[in-house]
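Here is how names work: the chains are called A, B, and so on, in the same order as the sequence lines, proteins then strands, and each is numbered from 1. Note that the structure is predicted; figures quoted are calculated from it, not measured.
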Amino acid sequence: MPELPEVETTRRGIADRIRGLMVESVEVRQFRLRLPVPEDFSARLEGAILGDTLRRAKYLIVESSSGRLLIHLGMSGSLRIADPTQELRKHDHVIWNLEGDRQLRYHDPRRFGIVTWAGTEAEPHSLIQGLGPEPIGNEDLDGDALGDHLYAYSRKKTRRLRDFLLDGRVVAGVGNIYANEAAWRAGIRPDRSCGRIARQRYRKLAHDLQDVLQSAVDKGGSTLRDFVDPEGQTGYFQHVFNVYGREGEPCHHCESEIVREVLSNRSLFYCRQCQR
DNA sequence: AAGGTAACCTGACTGC
DNA sequence: TGCAGTCAGGTTACCT
């Protein structure tokens, strides 16, 4: 269930537990993900030492002495640390056997995710090229700067705000939930044409986007602690959303009913009263 | 060039 | 109990 906060939570959950470990073997049980798992994936990783785990947008990059790995969780993917004696689940597609009787398991029922090579820093995989700025954890980009970036980038564009925010080239890692939530906080209808929104409103939107993502990461750190736990419950997000999934329920500001509409085949949720 | 749409998959849920 | 239909947190290739 990966939005940016869950990907970041996954990163924090696995980084310290795999860093420095040797890969004894890798078992690919399903090669057909959104992109095929490379044929040389297992052979090349055998004997490799794993390094740090980084996040870019919703991608995880795991450094190793045999090259960097690129992992995307798609719509239904998850990574967990497991004990080799634990039974494999259906849809456990890639198993890294690490030294010390520890496994990293990639699980993904819908198979929209990706497990492949990330390329080098000089020549990264095309999937992680051309991505927009990270909305949080980015010291060079405070809320006003992100707002100005969104404002400048949106001029003369006609797409709706929600679709604009979902475009990874505009800003990295924002998904449907947080685009809707940020628009509610900022009081902007998510179906407003992005090119007709004022700079000050983008600044507020950017601050709100950062706040909602950061608080979700902070919360994820506690509610999703088990996400990669060896005993592991996957642990679903227990967020309190203001609009997402709240069709027909009262707005937390004005009590009027939250409405749901479909745009680009995906749900929009907003308050007609508070968002203009 | 920008923007909308279909497509990739499985599982959970709803209503008949 | 079953079956058909709908929906889902993502991304991109392909049309217009």
Using atom [atom1] of each nucleotide, how far apart are [N] and [M] to the nearest Å?
N       : M      : atom1 : result
dA6(B)  : dT6(C) : P     : 14 Å
dG3(B)  : dG9(C) : C1'   : 23 Å
dC14(C) : dC9(B) : P     : 15 Å

Give [X] one of three labels, base, sugar-phosphate or nothing, depending on what nucleic acid heavy atoms sit under 4.0 Å from its own.
X       : result
R169(A) : nothing
K90(A)  : sugar-phosphate
L166(A) : nothing
F164(A) : nothing

OP1 or OP2 of [N] sitting under 4.0 Å from any side-chain N/O of [X]?
X       : N       : value
T158(A) : dG3(B)  : yes
R266(A) : dG10(C) : yes
N265(A) : dA6(B)  : yes
S267(A) : dA8(C)  : yes
R110(A) : dC7(C)  : no
H91(A)  : dC9(B)  : no
R34(A)  : dC9(B)  : no
K58(A)  : dT11(C) : yes

In this structure, how many angstroms lie between the [atom2] atom of [N] and the [atom1] atom of [X], rounded?
X       : N       : atom1 : atom2 : answer
I177(A) : dA8(C)  : CD1   : P     : 11 Å
D108(A) : dT11(C) : CG    : C1'   : 13 Å
D163(A) : dA2(B)  : CG    : C1'   : 12 Å
L35(A)  : dT12(C) : CG    : P     : 9 Å
M75(A)  : dT6(C)  : CE    : C1'   : 13 Å
F31(A)  : dC8(B)  : CZ    : C1'   : 19 Å
R162(A) : dG10(C) : CZ    : C1'   : 12 Å
H107(A) : dG9(C)  : NE2   : C1'   : 15 Å

Fill in: Donor-acceptor pair under 3.5 Å, R159(A) side chain vs dA2(B) base
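Check fails, no donor-acceptor contact within cut-off.
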Item to complete: Please evaluate the base of dC9(B) for a donor-acceptor partner in the side chain of R111(A) within a cut-off of under 3.5 Å?
Response: no
Discussion item. Ring-plane angle category for F241(A) and Y178(A), please: parallel below 30°, perpendicular beyond 60°, tilted otherwise.
Written reply: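 Rings of F241(A) and Y178(A): perpendicular, as their planes differ by over 60°.
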Discussion item. Would you call the rings of Y153(A) and F164(A) parallel, tilted or perpendicular, taking 30° and 60° as the class edges?
Written reply: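 Y153(A) vs F164(A) ring planes: tilted.
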Practice prompt. Report yes or no: is the ring centroid of F112(A) under 5.5 Å from the six-membered base ring centroid of dC8(B), with the two planes under 30 degrees?
Written response: yes
Worksheet item: With a cut-off of under 6.0 Å to the ring centre and 45° to the axis, is R44(A) in cation-pi contact with W117(A)?
Response: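 The answer is yes; both the distance and angle limits are met.
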Item to complete: Take atom CZ of R169(A) as the centre, draw a 6.0 Å sphere, and report whether it contains more than 12 heavy atoms from other residues, nucleotides or ligands.
Response: no
Item to complete: Measure from the side-chain N and O atoms of R155(A) to the backbone N and O of Y151(A), and report whether any donor-acceptor pair falls under 3.5 Å.
Response: yes
Worksheet, complete the sentence: Closest to the side chain of Y59(A), out of dT11(C), dC7(C), dG10(C), is dT11(C)
Fill in: Non-hydrogen side-chain atoms of R111(A) and H93(A) separated by less than 4.5 Å
yes
Worksheet item: With both distances kept under 3.5 Å, what pairs with dC9(B), Watson-Crick or G-U wobble?
Response: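 Answer to the pairing question: none, since dC9(B) forms no Watson-Crick or G-U pair.
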Worksheet item: With the threshold set at 4.0 Å, does a side-chain nitrogen-carboxylate oxygen contact exist between R272(A) and E261(A)?
Response: yes
